[in-house]
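Sequence positions, counted from 1, serve as the residue numbers for this chain. In what follows, every heavy atom counts, from backbone to side chain, and hydrogens, waters and symmetry copies are set aside.
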Amino acid sequence: MPPATIAPILAAVSLGLLILAFVGLRLTLHARAQQQQDQQRLRDLANIALEGLAVCDGEVIATANHSLERLSGLAQAELAGRPLSALLPGLVLADLPEQEERDAQLTATDGRTLPVRVLRKDVLLGRKRQTVVAIRDQRERLHTEARMRTLAFTDALTGLPNRARLGDVLAHHAAVLRESGRGFAVLMLDLDRFKFVNDILGHAMGDALLRKVAERLQSTLSEDDIVGRLGGDEFAILALGAQEGGRPQRLAARIVEMMDRPFLLDGQLVNVGASVGVALAPQDGTDLEQLLRNADLALYQAKAEGKARFRVFEPALAERLEARRTLETDMRRALKAGEFELHYQPLVDARSGQVTAAEALVRWRHPRRGLVSPADFIPLAEETGLIMPLGAWVLRTACTDATRWPNAIKVAVNLSAVQFRDDRLPEIVEDILRETGLPAHRLELEITEGVMFDDEERTLMLSRLKAAGVGLAMDNFGTGYSSLSYLRRFPFDKIKIDRSFVCQLPSDAESAAIVRAIITMGSCLGMTTTVEGVETAEQYTFVASEKCSQVQGYHVSRPLPSKDFVAFLVGQKAAA
């Protein structure tokens with residue numbers, strides 16, 4: 001080809017090669033810059049991570065992030081080239097399964113050993129496969145778990161062990177007991193007047209009192225004893241020393257004495273007192289629930305005997321508990337089976353001797369035990385809450401029976417303290433009157449003086465009952481603490497003089513003076529006065545001569561079943 005033709009072609013090819021070379025250079029430089037940028041971004045991301053990250057070539061650290069610097073106390077330059085085993089002694093990277101966490105100890109430059117968790121992952125960085133090791137600090141987690149364990153086994157208010165912790169301790173010592181034959185004791189403590197402090201002085205004061213009680217108990221016990229709070233105002237003590245010489249009894253007596261001393265709360269002295277029940281292992285049981293149950297039975301007995309004392313468990317207490325459970329079960333069945341019945345004791349006009357009212361008295365005709373005394377089942381009904389359905393049945397049955405009596409005769413029904421604390425009582429009474437058709441003025445509700453003393457604020461309910469049209473009578477008058485103030489403040493229609501003032505009439509001058517004064521006071525206040533427990537003709541003659549309104553007692557009649565009471569009314573009418 002002619003030179004004139006070749007020269008432009010060569011020039012064009014050369015120019016193309018130069019352009020390609022320039023483009024290739026630009027692409028190479030851009031790729032290197034991108035790689036450096038990616039590596040920097042990866043380092044930045046690694047430095048953001050909370051876990052320590054180490055990129056390793058084999059067992060040697062190639063690079064690390066800032067978190068690992070903080071954990072180890074070494075700079076990145078110092079970490080680079082250092083064996084991983086220098087940070088994590090005993091850890092062989094090759095033996096660590098991929099993506100499986102393991103616990104390890106990291107040794108810092110200041111000699112501290114830190115608990116960590118280690119995770120390994122093989123990754124491809126560029127064209128080279130390397131191992132990334134994540135190292136997570138476990139101090140915060142372990143601290144949180146320890147705190148959670150503490151909260152799970154500690155009472156938050158007092159700092160004492162809770163029921164779960166006491167159970168673990170008791171299980172341990174029960175096992176030791178089986179091996180060595182050593183004994184120990186469980187003491188249950190309950191404050192006698194905590195409800196008063198909590199309700200009257202406030203929950204904050206109640207909490208302060210519980211903390212003071214915990215402190216006082218800890219100061220009373222020896223190093224071998226453990227005290228915990230079961231909840232509310234109940235505490236339990238594990239007396240782990242020997243039982244010889246009556247040590248648990250002496251400890252219980254010392255606790256009662258210490259709790260009887262006043263507590264200083266917010267500048268005022270508060271007296272509460274405590275009762276203690278004691279159960280001894282192994283004779284009274286070895287497991288927690290059995291020992292606590294038996295100690296609680298002994299505590300219940302101590303409270304029943306007057307509080308501020310201790311009682312050691314006896315098998316007879318368990319027998320009484322079993323009898324109580326059986327009676328409660330039978331009572332629940334009796335309510336459904338209709339085993340309860342009402343007897344009526346007449347109240348007669350003191351002058352004419354004519355029946356003007358009758359008091360409804362519940363009786364339980366047990367299929368095996370016969371008639372069960374109300375003294376046996378009424379307190380149990382109040383404790384278990386069965387008094388509510390039983391009381392409603394008594395009220396409904398009494399009103400129904402009264403509708404078959406002459407219109408002039410009223411029916412009187414006793415209210416228990418539990419019923420009186422029910423805000424729905426006025427509505428219940430009105431509903432029953434509406435269902436049975438008995439006029440409200442023919443129903444009298446008898447309320448003991450002790451009910452109002454125990455719960456004075458609830459006496460506002462008297463006004464609601466009075467507004468419903470029923471009569472109100474104060475039963476057992478003279479046995480409480482504030483009889484006169486109650487008569488002045490509340491709308492009673494009748495007062496019933498307690499039988500304790502009548503039993504020695506008319507020979508006892510003091511009893512006669514008291515009965516005479518109450519009758520005169522009732523007359524001046526415009527109230528009906530009923531004398532209970534009149535059993536002799538002499539007593540009847542005396543109270544009638546003192547112009548009481550009504551007489552009730554065996555001299556008039558014993559309580560009678562419904563049919564016999566109706567017959568009594570018919571006979572009295574025929575005699576008239």
Quiz item: Ile519 versus Ile497: any side-chain heavy-atom pair under 4.5 Å?
Solution: yes
Quiz item: Quick check: does any side chain N or O of Gln539 sit under 3.5 Å from a backbone N or O of Val502, one acting as donor and the other as acceptor?
Solution: yes
Quiz prompt | Given Lys563, Arg365, Arg363, the one that forms salt bridge (Lys or Arg N to Asp or Glu O under 4.0 Å) with Glu341 | solution = Arg365
Practice problem: Ignoring hydrogens and angles, tell me if any N or O in the side chain of Arg434 forms a donor-acceptor pair with the backbone of Gly437 under 3.5 Å. | Solution: no
Quiz item: Glu427 and Arg464: salt bridge (Lys or Arg N to Asp or Glu O under 4.0 Å), yes or no, with the steps?
Solution: CA-CA 9 Å; Glu427 288 77 12; Arg464 297 173 60 191; 2.9 Å; yes
Self-check item: Atom pair CG (Asp233) and CG (Leu209), whose distance is rounded to the nearest 0.5 Å
Solution: 9.0 Å
Quiz prompt | Check: Met388 and Val418 side chains under 4.5 Å, non-hydrogen atoms | solution = yes
Quiz item: Does Thr520 use its side chain to pair, donor to acceptor, with the backbone of Arg516 at less than 3.5 Å?
Solution: yes
Exercise. Anything under 30° is parallel, anything over 60° is perpendicular, the rest tilted; go ahead and classify Phe377 against Trp364.
Key: perpendicular
Exercise. Supply the atom-to-atom distance Gln419 CD to Leu425 CG, rounded to the nearest 0.5 angstrom.
Key: 7.0 Å
Exercise. Evaluate whether atom NZ of Lys303 has more than 12 neighbouring non-hydrogen atoms of other residues, nucleotides or ligands under 6.0 angstrom away.
Key: yes
Quiz prompt | Electrostatic pair Asp330:Arg368 at N-O distance under 4.0 angstrom | solution = yes
Self-check item: Plane angle bin for Trp393 and Phe340 - parallel if under 30°, tilted between 30 and 60°, otherwise perpendicular
Solution: tilted
Quiz item: Salt-bridged, Glu359 to Lys496, with N to O below 4.0 Å?
Solution: yes
Exercise. Could you check if a side-chain atom of Ile255 sits within less than 4.5 angstrom of a side-chain atom of Ile237, using non-hydrogen atoms only?
Key: yes
Quiz item: If we only count heavy atoms from C-beta on, is the Val551 to Val556 side-chain gap below 4.5 Å?
Solution: yes
Quiz prompt | Nearest-0.5 Å distance that lies between atom OG1 in Thr529 and atom CD1 in Ile518 | solution = 9.5 Å
Quiz item: Does some side-chain heavy atom of Leu380 sit less than 4.5 Å from a side-chain heavy atom of Leu386?
Solution: no
Quiz item: Hey, is Asp225 close enough to Arg247 for a salt bridge, meaning N to O under 4.0 Å?
Solution: yes
Quiz item: Testing Glu446, Glu444, Glu532 for salt bridge (Lys or Arg N to Asp or Glu O under 4.0 Å) with Lys494, which one passes?
Solution: Glu444
Quiz item: Does a side-chain heavy-atom distance below 4.5 Å link Arg211 with Leu157?
Solution: yes
Practice problem: Please name the pair of heavy atoms, one in Tyr540 and one in Ala350, separated by the smallest distance, quoted to 0.1 Å. | Solution: OH-O, 3.3 Å
Practice problem: Would you please say whether a donor-acceptor pair under 3.5 Å links the side chains of Asp192 and Ser275? | Solution: yes
Quiz item: Taking atom types as modelled, is there a side-chain donor on Gln345 or His343 under 3.5 Å from an acceptor on the other?
Solution: no
Quiz item: Can you tell me if Asn294 uses its side chain to pair, donor with acceptor, with the backbone of Asp284 under 3.5 Å?
Solution: yes
Quiz item: Within the distance-only criterion (no hydrogens, no angle test), does the side chain of Arg216 pair as donor or acceptor with the backbone N or O of Arg261 below 3.5 angstrom?
Solution: yes
Self-check item: Euclidean distance, Glu234 CD relative to Met188 CE, rounded to 0.5 Å
Solution: 4.5 Å
Quiz item: Can a salt bridge be assigned to the pair Asp493 and Lys466 using a cut-off of 4.0 Å between side-chain N and carboxylate O?
Solution: yes
Practice problem: Could you tell me whether Asp296 and Arg293 have a side-chain N and a carboxylate O separated by less than 4.0 Å? | Solution: no
Exercise. Compare all side-chain heavy atoms of Ile495 with those of Leu525 and state whether any distance is below 4.5 angstrom.
Key: no
Self-check item: Contact summary for Ala440 and Ala468, nearest pair of heavy atoms
Solution: CB-O, 3.4 Å
Quiz item: Are side-chain heavy atoms of Leu210 and Phe235 found at a separation under 4.5 Å?
Solution: yes
Quiz prompt | Between CE on residue Met258 and CG on residue Leu221, distance to nearest 0.5 Å | solution = 9.5 Å
Quiz item: Where is the tightest heavy-atom contact between Leu280 and Val278, given as atom of each residue plus distance?
Solution: CD2-CG1, 3.9 Å
Exercise. Spell out, as yes or no, whether a donor-acceptor pair under 3.5 Å connects the side chain of Arg442 to the backbone of Val411.
Key: no
Quiz prompt | Nearest-0.5 Å distance that lies between atom CZ in Phe310 and atom CZ in Arg250 | solution = 10.5 Å
Quiz prompt | Heavy-atom closest pair, residues Ala358 and Tyr344 | solution = CB-CB, 4.1 Å
